[in-house]
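Here the structure is laid out as structure tokens; the discussion comes afterwards.
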Amino acid sequence: MAGGPYGKQQRDRARRENRAVLDADLEAERWCPPSQFDCEPNSGTITIPLSATARILQRLEYEDKRLVYYSISLQCRTRSEEWEDAARIDCSHCVVHLHTPGAPTTVPILDITRPEDVWNSYDASYAQILDNWEEYERQWSNDRY
């Protein structure tokens, strides 16, 4: 019997079918943060000054005392004294991702598949903004002026 009932083609087809089932199950179980309207009122915005021209602005949203959404922005002061985002990491659209002005797309960091992913990614996101704020400010300034 060439190949028999468990030949390479049959095994490959079975693997593809199993993978499709697993992918469908994962998509059905995928968790996304609730709407901001479903979150606790006054979840909070925190401003942390870094210099006269830069600050971190954080927006945190909770549901049942659990962090379900965050946005961490490095903001820079314009010549007209307005604040603009120079970089932002947030977890909208079920993905933790980095926004930088002038970039054609966001940079994905982590797919959110369960509520713990939001909390578990928060510290690293904050550290990324804090550790790189001077570089983000420099890029923002070069793109702007």
Side-chain angles (χ1 to χ4, degrees), residues 6-145:
Y6 296 105
K8 182 175 177 358
Q9 289 179 333
Q10 289 87 355
R11 285 192 308 271
D12 290 346
R13 183 170 10 119
R15 283 189 192 115
R16 284 192 304 276
E17 289 170 358
N18 286 342
R19 186 74 209 156
V21 168
L22 291 172
D23 288 345
D25 287 346
L26 180 60
E27 194 60 37
E29 292 178 12
R30 186 181 184 109
W31 179 87
C32 282
S35 160
Q36 68 183 19
F37 302 109
D38 295 330
C39 293
E40 296 167 10
N42 302 319
S43 285
T45 300
I46 302 166
T47 303
I48 303 162
L50 297 173
S51 72
T53 59
R55 69 183 184 182
I56 291 178
L57 184 72
Q58 296 181 87
R59 192 172 104 220
L60 308 173
E61 296 189 8
Y62 296 87
E63 182 182 60
D64 299 326
K65 299 181 180 172
R66 179 179 64 194
L67 182 65
V68 294
Y69 174 83
Y70 64 83
S71 172
I72 305 168
S73 300
L74 170 68
Q75 293 190 323
C76 297
R77 191 185 307 261
T78 66
R79 291 180 182 157
S80 61
E81 301 297 312
E82 300 291 322
W83 291 99
E84 285 186 3
D85 283 355
R88 183 178 80 243
I89 297 177
D90 66 53
C91 56
S92 59
H93 314 292
C94 302
V95 176
V96 177
H97 53 280
L98 170 68
H99 300 261
T100 52
T105 61
T106 62
V107 177
I109 298 170
L110 173 71
D111 283 335
I112 298 172
T113 59
R114 56 200 179 111
E116 296 79 22
D117 292 341
V118 176
W119 178 253
N120 292 340
S121 64
Y122 170 80
D123 286 338
S125 296
Y126 183 82
Q128 182 173 345
I129 293 291
L130 186 61
D131 293 348
N132 297 294
W133 76 269
E134 291 169 311
E135 179 60 29
Y136 292 139
E137 183 180 36
R138 194 171 17 265
Q139 289 172 356
W140 172 84
S141 182
N142 289 343
D143 289 345
R144 183 156 174 65
Y145 299 112

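Heavy-atom basis, side chains included; hydrogens, waters and symmetry copies ignored.
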Pairing residues for [X] by the side-chain hydrogen bond (donor to acceptor under 3.5 Å, both in side chains) criterion, not counting sequence neighbours:
| X | value |
| --- | --- |
| T47 | none |
| W140 | E84 |
| S71 | none |
| E135 | R138, Q139 |

How would you list, by chain and number, every residue that makes a side chain to side chain contact (heavy atoms under 4.5 Å, CB included) with T106, sequence neighbours excluded?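 With sequence neighbours excluded, T106 shows a side chain to side chain contact (heavy atoms under 4.5 Å, CB included) to H97, H99, given in chain and number order.
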Does S80 have any side chain to side chain contact (heavy atoms under 4.5 Å, CB included) partners at least two apart in sequence or in another chain, and if so, which?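 Partners of S80 by the side chain to side chain contact (heavy atoms under 4.5 Å, CB included) criterion, ordered by chain and then number, come out as T78, E82.
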Could you state the interatomic distance from [atom1] ([X]) to [atom2] ([Y]), rounded to the nearest 0.5 Å?
| X | Y | atom1 | atom2 | result |
| --- | --- | --- | --- | --- |
| Y136 | D131 | OH | CG | 9.5 Å |
| I46 | Y126 | CD1 | OH | 9.0 Å |
| E134 | L74 | CD | CG | 10.0 Å |
| Y69 | R59 | OH | CZ | 4.5 Å |
| S121 | I112 | OG | CD1 | 6.0 Å |

What closest approach, in Å, do [X] and [Y] show between heavy atoms, and which atom pair accounts for it?
| X | Y | result |
| --- | --- | --- |
| A86 | C76 | CB-SG, 3.6 Å |
| V68 | C91 | O-SG, 4.4 Å |
| Y70 | L67 | CD2-CD2, 4.2 Å |

Pairs meeting criterion ring-ring contact (aromatic ring centres under 6.0 Å, His included) with involvement of residues 73-92, two or more places apart: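 Passing the test, one end in residues 73-92: no pairs.
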Within residues 88-107 or reaching into it, pairs that qualify as salt bridge (charged side-chain N to carboxylate O under 4.0 Å, His left out) - sequence neighbours excluded: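 Those involving residues 88-107 are D85-R88, R88-D90.
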Does anything in residues 115-126 form a salt bridge (charged side-chain N to carboxylate O under 4.0 Å, His left out)? List the pairs, not counting sequence neighbours.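 Every salt bridge (charged side-chain N to carboxylate O under 4.0 Å, His left out) pair that includes a residue of residues 115-126, provided the two are not neighbours, is R114-E116, R114-D117.
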Compile the donor-acceptor pairs under 3.5 Å between side chains in residues 48-58 and protein atoms, sequence neighbours left out, one pair per line.
residue	atom	partner	partner atom	Å
S51	OG	T53	N	3.2
S51	OG	T53	OG1	3.4
S51	OG	A54	N	3.1
T53	OG1	E137	OE2	2.9
R55	NE	Q75	OE1	2.8
R55	NH2	Q75	OE1	2.8
Q58	OE1	Y122	OH	2.3

